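To keep things clear, I will list the structure first and then write my remarks on it.
Computed from a predicted model, the values in this text were never measured in an experiment.
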Amino acid sequence: LSGSSGCGKTTLLRVLSGLQTLDAGTVTRPAMAQTALLFQENRLLPWRTAAQQITDAAPRGGSAEAWLELVGLAGEADAKIGTLSGGMQRRLALARALALERPVCLLDEPFAGVDGALRREIMRKLRTLGRQIILCAHENDVMADADTVLRLKGPPLVDI
């Protein structure tokens, strides 16, 4: 999903996740239990290590290291949140959302603070997960790597 700030991209993700109801119109959305949502805010727990952030969310037996590797944080399992840069925290929040192993991932600005080469690498790895991923992004390289781009304007939110 691409569009200017304030057009309604985040609101659409919140509707798709079941966290917000529509004022008008209709949306067919997946069951709440089928979705993972990455908020714009990282919402990390400062007293937990990077690995614990992931194992708290992952189904039983999930490997934190594999998710950290996917987002370029291999070797950071024992890191506390305060020692990670903003981009690293964002990638950790993304890893935690992905670790839920839900078939639908709703990602709101997943690459904020992440450099271009790393964004492209993570996008490539996301494709291997076999999940439906709907994301909001402003980065042109992310949009270039997407299967489908919906360009939006609003409010009210419309496809252009």
Side-chain angles (χ1 to χ4, degrees), residues 1-46 50 53-54 56-57 67-73 76 79 81-160:
L1 306 176
S2 175
S4 62
S5 295
C7 76
K9 299 180 305 292
T10 295
T11 300
L12 178 57
L13 288 184
R14 291 178 59 81
V15 168
L16 289 172
S17 72
L19 292 177
Q20 192 166 333
T21 58
L22 289 172
D23 293 334
T26 60
V27 170
T28 302
R29 63 177 186 81
M32 192 177 293
Q34 298 296 308
T35 61
L37 175 62
L38 173 67
F39 293 93
Q40 279 186 6
E41 309 83 22
N42 293 330
R43 300 185 181 194
L44 298 170
L45 304 172
Q53 303 283 335
I54 294 170
D56 288 348
W67 295 110
L68 292 170
E69 165 81 26
L70 187 136
V71 298
L73 291 174
E76 298 293 341
I81 303 313
T83 66
L84 300 175
S85 70
M88 293 170 83
Q89 289 181 29
R90 189 67 185 148
R91 289 183 282 141
L92 177 57
L94 173 59
R96 183 181 59 191
L98 296 171
L100 287 168
E101 297 187 2
R102 303 283 171 80
V104 179
C105 298
L106 307 171
L107 310 177
D108 199 352
E109 298 294 342
F111 303 113
V114 179
D115 73 60
L118 189 51
R119 277 195 306 264
R120 287 186 295 279
E121 178 64 16
I122 295 169
M123 278 290 285
R124 185 189 64 73
K125 290 177 180 179
L126 289 178
R127 289 181 172 283
T128 69
L129 297 177
R131 300 185 198 172
Q132 183 177 25
I133 297 176
I134 301 171
L135 62 87
C136 297
H138 289 104
E139 300 88 357
N140 289 332
D141 57 335
V142 173
M143 292 298 134
D145 287 340
D147 293 333
T148 303
V149 176
L150 293 178
R151 301 200 187 282
L152 305 170
K153 70 176 184 175
L157 188 64
V158 293
D159 184 14
I160 54 174

Salt bridge (charged side-chain N to carboxylate O under 4.0 Å, His left out) against Asp141, all qualifying residues, sequence neighbours excluded
Arg119, Arg120

How close do Leu84 and Glu76 get, counting heavy atoms only, and between which atoms?
CD2-OE1, 3.9 Å

Please report the interatomic distance CG(Leu126) to CG(Leu98), rounded to the nearest 0.5 Å.
6.0 Å

If you take all heavy atoms of Gln89 and Ile81, which pair is closest and at what distance?
NE2-O, 3.1 Å

Does Glu101 CD have over 12 foreign heavy atoms under 6.0 Å away?
yes

Distance-minimising heavy-atom pair for Leu44 and Pro46:
O-CD, 3.4 Å

Show me, pair by pair, the donor-acceptor contacts under 3.5 angstrom made by side chains of residues 21-37, not counting sequence neighbours?
residue: Thr35; atom: OG1; partner: Met32; partner atom: O; Å: 3.0

Residue pair Cys136 / Gln40, side-chain heavy-atom distance below 4.5 Å
no

Results of side-chain contact (heavy atoms from CB on, under 4.5 Å) for Ala99 - residues two or more places apart only:
Ile54, Ala58, Trp67

Answer yes or no: is there a side-chain heavy-atom contact under 4.5 Å between Leu118 and Phe111?
no

Just so I know, are the side chains of Leu38 and Leu13 near enough to count as touching, which here means a heavy-atom distance under 4.5 Å?
no

In short, Pro110 meets Leu94 closest at the heavy-atom pair CB-CD1, 4.3 Å

Contacts of Glu69 meeting side chain to side chain donor-acceptor pair (under 3.5 Å) (sequence neighbours excluded), chain-then-number -> none

Which atom pairs, one a donor and one an acceptor, fall under 3.5 Å between side chains of residues 142-160 and the rest of the protein, sequence neighbours left out?
residue: Asp147; atom: OD1; partner: Arg127; partner atom: NH1; Å: 2.8
residue: Asp147; atom: OD1; partner: Arg127; partner atom: NH2; Å: 3.0

Hey, what do you get for CG (Leu45) to CD (Gln53), rounding to the nearest 0.5 Å?
5.0 Å

Is the closest side-chain heavy-atom distance between Leu106 and Arg14 below 4.5 Å?
no

Considering residues at least two apart in sequence or located in another chain, which fulfil the side chain to side chain donor-acceptor pair (under 3.5 Å) criterion with Asn42?
Arg90

Grab the two heavy atoms, one from Val71 and one from Ala95, that are nearest each other, plus how far apart they are.
CG2-CB, 3.8 Å

Can you check whether Leu135 reaches Leu1 side chain to side chain, under 4.5 Å on heavy atoms?
no

